[in-house]
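To start, the structure under review is shown below, and the notes come after it.
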Amino acid sequence: MQLRENETLIKIIRRHALSLNTPFSLVGGILIGYLLVIYYFKFNFFGYVWQVLGILILVLIVFVLYKIYIWKKNALFITDQRLIHHEQNGFFSRTVTEILYGDIHEITYKQKGFSASMSNFGTLIIRTPSESEILMEKISDPEKVVELINKTRNSLSHHHEQDTKF
């Protein structure tokens, strides 16, 4: 992400770390399944038990690193001039949306379910006058993110009002 001249990065918002639970749980389940096949069903992969385990671990490590990469790249950058939503869909697929504070019509958030309430994560929804939406799911402390964006918007509009008086 490239900042403009005289632009200051205020905060980077990412999905809650708990959003990585699914890939880690899947990896754990696959490894338990592998051990179950070897020890309970006595299947030895035609004598290649250790080779299959090595390949499986290598594939799972690549999978976890890929998921961490995607998690790290998906972010909302809050600057003093605009919001930049960087959505990484794969290694070679991304969508970057820029919203100026004057183009924001409404900011809301939703928290659904027990784990979202207990872990304090939710979905941030930013709407523009053209009814387009930016959704950022499973972000930490969505109420504070909304407050930060609104505070930045208000300080920018207050700054703009003072500049036009002179």
**OP:** Under the side-chain hydrogen bond (donor to acceptor under 3.5 Å, both in side chains) rule, collect the residues that match up with Asp141, sequence neighbours excluded.
**Re:** Asn120
Original post:
Please, which pairs that meet salt bridge (charged side-chain N to carboxylate O under 4.0 Å, His left out) have at least one residue in residues 10-23, sequence neighbours excluded?
Top reply: none
**OP:** Take Val145 and Ile139, measure what side chain to side chain contact (heavy atoms under 4.5 Å, CB included) needs, and give me the verdict at the end.
**Re:** CA-CA 9 Å; Val145 173; Ile139 63 165; 4.1 Å; yes
Original post:
Does a side-chain heavy-atom distance below 4.5 Å link Phe77 with His85?
Top reply: no
Original post:
Is the backbone N or O of Asn21 less than 3.5 Å from a side-chain atom of Ser25, with the two atoms forming a donor-acceptor pair by type?
Top reply: yes
Original post:
Heavy atoms, side chains only, cut-off 4.5 Å: are Ile10 and Leu148 in contact?
Top reply: yes
**OP:** Check whether more than 12 heavy atoms from other residues, nucleotides or ligands sit under 6.0 Å from atom OH of Tyr40, and answer yes or no.
**Re:** no
**OP:** I would like to know whether Phe24 and Ile68 meet side chain to side chain contact (heavy atoms under 4.5 Å, CB included); could you show each step before the answer?
**Re:** CA-CA 10 Å; Phe24 285 118; Ile68 291 171; 4.2 Å; yes
Subject >> Whether Asp80 side chain and Glu7 backbone form a donor-acceptor pair below 3.5 Å >> reply: no
**OP:** For the pair Asn74 (side chain) and Ile70 (backbone), establish whether a donor and an acceptor sit closer than 3.5 Å, ignoring hydrogens and angles.
**Re:** yes
Subject >> Aromatic ring pairing Tyr34/Phe45, orientation class (parallel under 30°, perpendicular over 60°, tilted between) >> reply: parallel
**OP:** Verify whether one side chain among Ser115 and Ser119 offers a donor that lies under 3.5 Å from an acceptor in the other.
**Re:** no
Original post:
Stepwise, does the side chain to side chain contact (heavy atoms under 4.5 Å, CB included) test hold for Leu76 with Ile12?
Top reply: CA-CA 6 Å; Leu76 178 69; Ile12 300 172; over 6 Å; no
**OP:** Using atom types as modelled and distance alone, determine if a side-chain donor or acceptor of Ser93 lies under 3.5 Å from a backbone N or O of Gly90.
**Re:** no
Original post:
What residues form a side chain to side chain contact (heavy atoms under 4.5 Å, CB included) with Ile57, not counting sequence neighbours?
Top reply: Leu31, Leu53, Ile61
Subject >> Polar side-chain atom of Asn89 near backbone of Arg94 as donor-acceptor pair, under 3.5 Å >> reply: no
**OP:** Please check if the side chain of Lys42 supplies one atom and the backbone of Tyr39 the other of a donor-acceptor pair under 3.5 Å.
**Re:** yes
Subject >> Heavy atoms of other groups near Tyr48 OH, more than 12 under 6.0 Å >> reply: no
Original post:
Taking NZ, NE, NH1 and NH2 as the nitrogens, is one of them in Glu87 or Lys73 under 4.0 Å from a carboxylate oxygen of the other?
Top reply: no
Original post:
Does Glu137 pair with Lys112 as a salt bridge, N-O distance under 4.0 Å?
Top reply: no
Original post:
Is any side-chain heavy atom of Val146 less than 4.5 Å from a side-chain heavy atom of Thr108?
Top reply: no
Subject >> Stepwise side chain to side chain contact (heavy atoms under 4.5 Å, CB included) test for Leu124 and Ile149 >> reply: CA-CA 11 Å; Leu124 180 69; Ile149 293 170; 4.3 Å; yes
